[in-house]
Protein chains: 2
Amino acid sequence: MTGETEFLAGYDPSRYPPVAVTVDVVLLTVRAGRLSVLLVERRGHPFRGSWALPGGFVEPEDDLDGAARRELAEETGVLVSGFGESVALGHLEQLRSYGAPGRDPRMRVVSVAYVGFTSHNEPAVAGSDAADVRLWAIDDLAIAGVGSDDGVPLAFDHAQIIADAIERSRAKLEYTTLATAFLDEPFTLGELRRVYEAVWGETLHEGNFRRKVLSTPGFVEPTGRTAPTDGRPAALYRRGRATRLHPPILRP
Amino acid sequence: MTGETEFLAGYDPSRYPPVAVTVDVVLLTVRAGRLSVLLVERRGHPFRGSWALPGGFVEPEDDLDGAARRELAEETGVLVSGFGESVALGHLEQLRSYGAPGRDPRMRVVSVAYVGFTSHNEPAVAGSDAADVRLWAIDDLAIAGVGSDDGVPLAFDHAQIIADAIERSRAKLEYTTLATAFLDEPFTLGELRRVYEAVWGETLHEGNFRRKVLSTPGFVEPTGRTAPTDGRPAALYRRGRATRLHPPILRP
DNA sequence: ATAATAGTGTCTCTCAGACAGTATGTG
DNA sequence: CACATACTGTCTGAGAGACACTATTAT
């Protein structure tokens, strides 16, 4: 019947336009008080030698989130061998998709971008000049409205993707508890405040920040322990059960 | 050289997995005080006879936004012939992408979903039993957490897409001026309030709503004219220049 | 002692919710 | 007149910004 032929027509692989689908991951962390992103150096054309987001093709068997986690695990594996430590992913969510014709000069590519948060507890980048994966502070990159104008240029439209990821992150910190995804447990309120300051690029009032965090039920839970600092020791907290902040902690 | 061969390898169309990319549009409007979505009845398998979002393949020459506008224009054309009136799109933005394997039983399809707002000024749906495009009130549809459980089922994962679009819309009304995208100019504050009430599914206090809208510079601008209502005539406004609300108008 | 960070208390201003009351149209 | 909606004014409580002050460590 007509329905059957139409149904079969859906199976015809030549019916759909040739478009490749990839995932790209913007993995953000705070290192030495600076918001930073994990980038890889491209070994092939185009943009050979430029820095780009980790990513790759969506394989037939994995869904979009799974593809993002797989690509990230592959890059994290590089981190493991390079820095001797694995990365515990604190959060990963879809950002948006990018599909302008010509964004990849080779072919039509639609990329589904993800943004992830993680802690950073490696002391420093090892001085391996052969490393092709490293963290970049975002204000050392050429990203409109964020980094310095003479920063390192990025491959493809990845500067735009990173800019969008940063804006999403800044907004998420306002009304969710996701700032804790940048930290290992347990953490101090000073560490949590420095996450906000690094992501927002603003200094916050210590006392008011403390009041707002502690007055939000379920944001953080006290552990009863303390950790030494450069001054008075700070109480240690772990993540609470809340995911959304009511009321939000708005940017200055 | 090596770089050249790698570059050429990128041109090989057989290298990327066979994935089709489509756009789907969730066009929302407020009709008779009810938040509604434009759906099309499927003529082919699978889900023949079910209601689905308008959408289609991304063609090689159009970017994602362009593809969404093109598909929407095609469906709007149906609206024109069916209802005798064109639809002025108030706003269109990317929602997110959906790519779970098996979401389309025919083949691997990654769909980039868009959400749009428009006014609704047709008096009623014409009684054309041949119509395959119509507005559905969202609480008549089977959408988890939104519609009634015995509502009309939707094709593919479109119930989830609509649910995500509604949540995006509800959040957008809190901190942007996009509620005006549901209205034709000029409009009254009562009409604007009824947009919020329809999208949020909450009744709002008339006086407090008025105070918040008018105290936000650039949200609406007075025209000096009035329009009759069921009571005292209401002042007419047009959209202001602001796009974001500071402070936001939060849901109750 | 000073320096540095953690943590507490308080004042004031803004603003949201609640609610009363007035204004202006129609039937 | 009643009724419906538009519009104005005021009280109150929650919460953010600003700021002063105390607490506990290291040097």
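Residue numbering restarts at 1 for every chain, and letters A, B, ... go by the order of the sequence lines. What you are looking at is a predicted structure, and each value in this text was computed from that prediction instead of being measured.
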Base of C:dA18 paired with side chain of B:N208 (donor-acceptor, under 3.5 Å): yes
Partner of A:F219 by side-chain contact (heavy atoms from CB on, under 4.5 Å), out of A:T180, A:T176, A:L214: A:T180
Side chain A:R211 and base D:dG17 donor-acceptor under 3.5 Å: yes
B:R239 bridged to B:E185 by N-O distance under 4.0 Å: yes
Between C:dA6 (C1') and A:L214 (CG): distance, integer Å: 12 Å
First encountered from the 5' end of DNA chain D, between B:G231 and B:L236: B:G231
Rounded interatomic separation in angstrom, taking NE2 from A:H205 and P from C:dA6: 13 Å
Euclidean distance, atom CZ of residue A:F209 to atom C1' of C:dG9 [Å, nearest integer]: 19 Å
Donor + acceptor pair across side chains of A:D24, A:Y98 (<3.5 Å): no
Integer-rounded Å distance: C:dC19 P and B:L204 CG: 16 Å
Whole angstrom value for the distance that separates P of C:dA16 from CG of B:L250: 8 Å
5' priority, DNA chain C, between A:T188 and B:H246 [closest heavy atom]: A:T188
Residue met sooner reading DNA chain C from 5', once B:P252 and B:P233 are mapped to nucleotides: B:P252
Residues A:E167 and A:R251 bridged, charged N to O under 4.0 Å: yes
Rounded distance (Å) that lies between atom P of D:dC19 and atom CZ of A:R210: 19 Å
Distance, rounded to the nearest Å, where A:K212 contributes NZ and C:dT8 contributes C1': 17 Å
Touch class at under 4.0 angstrom, heavy-atom based, for A:P247 against every strand present: sugar-phosphate
Whether A:W200 and A:Y196 hold their rings parallel, tilted or perpendicular, with breakpoints at 30° and 60°: perpendicular
5'-most by nearest nucleotide on DNA chain D - A:P248 or A:R232: A:P248
Distance, rounded to the nearest Å, where B:E174 contributes CD and C:dA16 contributes P: 12 Å
